[in-house]
Structures are given as C-alpha cells and as structure tokens.
Amino acid sequence: VAITDSTSHNTATLTLLSLSDWSDMTSSTNATTPDMASKAASDYQEFGLGNWSIPSDVEARALFNAYNNCQLAKAVSDAGGDEIVLTEKSDNVRYLCQEATKTYSFKINSILSAGATAKNYHLRLVRKVKVQVK
C-alpha cells in the first residue's frame with residue numbers, strides 16, 4: 001500500500017504500487033512505440049489482481065511524498081519488490097505518469113512533459129482498492 005485516502009469514517013481507498021519496475025519505456029508521444037506503457041498496464045497482474053494503471057499526476061505527487069516520508073521504499077523492499085530507482089548514470093530517473101504523457105521523479109518533486117524520442121523512462125503501476133471496516 002503506497003497511499004491511503006479516507007473516504008468516510010469506515011471506508012478508505014488504498015493505492016497499491018506495483019512491485020515491478022519497468023525500465024527503458026517510451027512515452028505515449030513516441031512515434032514507434034506509443035502504447036508501450038499502456039500495454040504493460042493492461043497486461044499486468046500481481047497476486048491475481050488486474051486493472052493496474054499508469055499513475056495520474058496527482059498520484060505521482062502522492063507517490064513522491066510517500067517515498068520521501070521514508071515509508072514507501074521500505075514497504076516495497078519488505079514485499080520483495082524491485083527497488084525504486086532514483087538515479088542512473090548520474091541522471092534523475094523519470095517515471096511515466098498521466099497516461100504516459102508526463103513524467104515524475106522520486107528524487108525531485110516535479111511533473112514534466114514526456115519526450116517523444118526518449119527511450120529510458122521507468123514505469124510503476126498503481127491500482128485503487130476500496131476497503132471497508134466492519
């Protein structure tokens with residue numbers, strides 16, 4: 001669980017973060033492989049759960065905050081997931097968000113437009129789950 005949003009006194013919406021981290025992804029503006037990230041999302045299953053998606057820009061900011069509160073990296077590690085990558089070759093790693101048209105980083109709180117020719121983006125998927133306390 002990456003993010004928890006209370007929706008009422010007895011329900012909450014949990015945002016799950018995929019344990020898998022894809023690298024060498026392209027944005028949806030790439031002329032050759034515009035559906036690379038959306039295909040990864042539509043095909044992905046984790047512990048029998050489907051319906052994963054590319055984070056929205058709002059979810060990307062919340063993921064940045066969760067990571068920088070030192071909880072998200074430990075949760076991913078404890079669950080046996082791929083490490084969240086901050087830098088590669090001394091550059092900040094950019095993760096795709098907003099239907100793969102934008103990017104975010106777990107190191108710097110900024111949302112940027114994704115490039116049409118870049119082939120080195122990362123991807124972490126999210127899934128919403130609503131739970132109710134009885």
Side-chain angles (χ1 to χ4, degrees):
V1 176
I3 307 161
T4 304
D5 296 314
S6 292
T7 52
S8 73
H9 68 282
N10 65 344
T11 63
T13 301
L14 308 178
T15 302
L16 307 178
L17 183 67
S18 66
L19 295 177
S20 295
D21 184 312
W22 290 263
S23 60
D24 300 323
M25 300 295 290
T26 59
S27 73
S28 61
T29 60
N30 183 284
T32 309
T33 54
D35 62 346
M36 182 183 272
S38 62
K39 179 145 177 48
S42 68
D43 291 346
Y44 189 66
Q45 288 215 2
E46 187 171 292
F47 298 111
L49 294 175
N51 297 320
W52 292 80
S53 63
I54 299 165
S56 69
D57 57 348
V58 171
E59 290 167 328
R61 288 192 193 283
L63 290 170
F64 168 84
N65 290 333
Y67 180 84
N68 285 284
N69 288 336
C70 302
Q71 299 168 10
L72 188 56
K74 181 172 177 5
V76 168
S77 175
D78 288 351
D82 297 335
E83 180 182 352
I84 294 173
V85 183
L86 298 181
T87 59
E88 284 179 345
K89 300 176 187 171
S90 74
D91 291 329
N92 290 334
V93 168
R94 303 296 301 178
Y95 281 82
L96 292 167
C97 66
Q98 199 63 33
E99 299 176 3
T101 62
K102 296 190 178 192
T103 67
Y104 70 102
S105 169
F106 284 100
K107 189 170 182 178
I108 298 171
N109 190 10
S110 66
I111 305 285
L112 303 172
S113 293
T117 59
K119 297 178 181 177
N120 63 340
Y121 293 122
H122 278 246
L123 178 66
R124 284 274 185 172
L125 300 173
V126 294
R127 186 181 194 280
K128 298 273 190 191
V129 177
K130 194 172 213 173
V131 294
Q132 184 173 11
V133 178
K134 291 191 175 199

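Linking Ile, Leu, Val, Met, Phe, Trp and Tyr whenever their side-chain heavy atoms come within less than 4.5 Å puts V129 and L125 in one cluster. Two different hydrophobic clusters hold V93 and L19 under the rule that ILVMFWY side chains link at heavy-atom gaps under 4.5 Å. Each of V58 and L72 belongs to its own hydrophobic cluster when Ile, Leu, Val, Met, Phe, Trp and Tyr are linked at side-chain heavy-atom distances under 4.5 angstrom. Residues F64 and V85 do not share a hydrophobic cluster, defined by chaining ILVMFWY side chains whose heavy atoms lie under 4.5 Å apart.
To the nearest 0.5 angstrom, N68 atom CG is 9.0 Å from F106 atom CZ. Atom CG of L86 and atom CD1 of I108 lie 10.0 Å apart (nearest 0.5 Å). In this structure, CG on D91 lies 8.0 Å from CG on N120, to the nearest 0.5 angstrom. Rounding to the nearest 0.5 angstrom, the gap separating the CG atom in L112 from the CZ atom in R94 is 4.0 Å. Atom-to-atom distance recorded for W52:CH2 and L123:CG is 11.5 Å, nearest 0.5 angstrom. With rounding to the nearest 0.5 angstrom, the CE atom of M36 is 8.0 Å from the CG atom of D24.
Here the side chain of Q98 pairs a donor or acceptor atom with the backbone of D57 at under 3.5 angstrom. With hydrogens and angles disregarded, no donor-acceptor distance shorter than 3.5 Å links the side chain of N30 to the backbone of T117.
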>> Test salt bridge (Lys or Arg N to Asp or Glu O under 4.0 Å) on E59 and R124; report intermediate values, then the result.
In response: CA-CA 11 Å; E59 290 167 328; R124 284 274 185 172; over 6 Å; no
> How far apart are the C-alpha atoms of T29 and S27, what are their side-chain angles, what is the distance that settles it, and do they pass the side chain to side chain donor-acceptor pair (under 3.5 Å) test?
Replying inline: CA-CA 5 Å; T29 60; S27 73; 2.7 Å; yes
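One side chain, T15 or K128, offers a donor N or O that lies under 3.5 Å from an acceptor on the other.
For the side chain to side chain contact (heavy atoms under 4.5 Å, CB included) with V126, the lone residue among L16, L63, I54 that qualifies is L63.
Here D35 does not pair with K39 in a salt bridge; the nearest charged N to carboxylate O distance is not below 4.0 Å.
For T87 against N92, the heavy-atom pair with the smallest separation is CG2-OD1, 3.8 Å. Between A41 and S53, the shortest heavy-atom distance links the atoms CB-CA, 4.2 Å. The heavy-atom pair separating P34 from A31 by the smallest distance is CD-O, 3.8 Å. Of all the heavy atoms in S20 and S18, the pair that sits closest is O-OG, 2.9 Å. For the pair A100 and A114, the tightest heavy-atom approach, listed with the atom from each and the gap, is O-CB, 4.0 Å. Pairing each heavy atom of D82 with each of V76, the nearest pair is O-CG1, 3.2 Å.
Taking a 6.0 Å sphere around CD of E83, one finds it holds 12 or fewer heavy atoms contributed by other residues, nucleotides or ligands.
Among residues at least two apart or in separate chains, ring pair (Phe, Tyr, Trp, His ring centres under 6.0 Å) pairs with a member in residues 107-134 are Y95-H122.
Residues satisfying the salt bridge (charged side-chain N to carboxylate O under 4.0 Å, His left out) criterion with E99, sequence neighbours excluded, are absent altogether.
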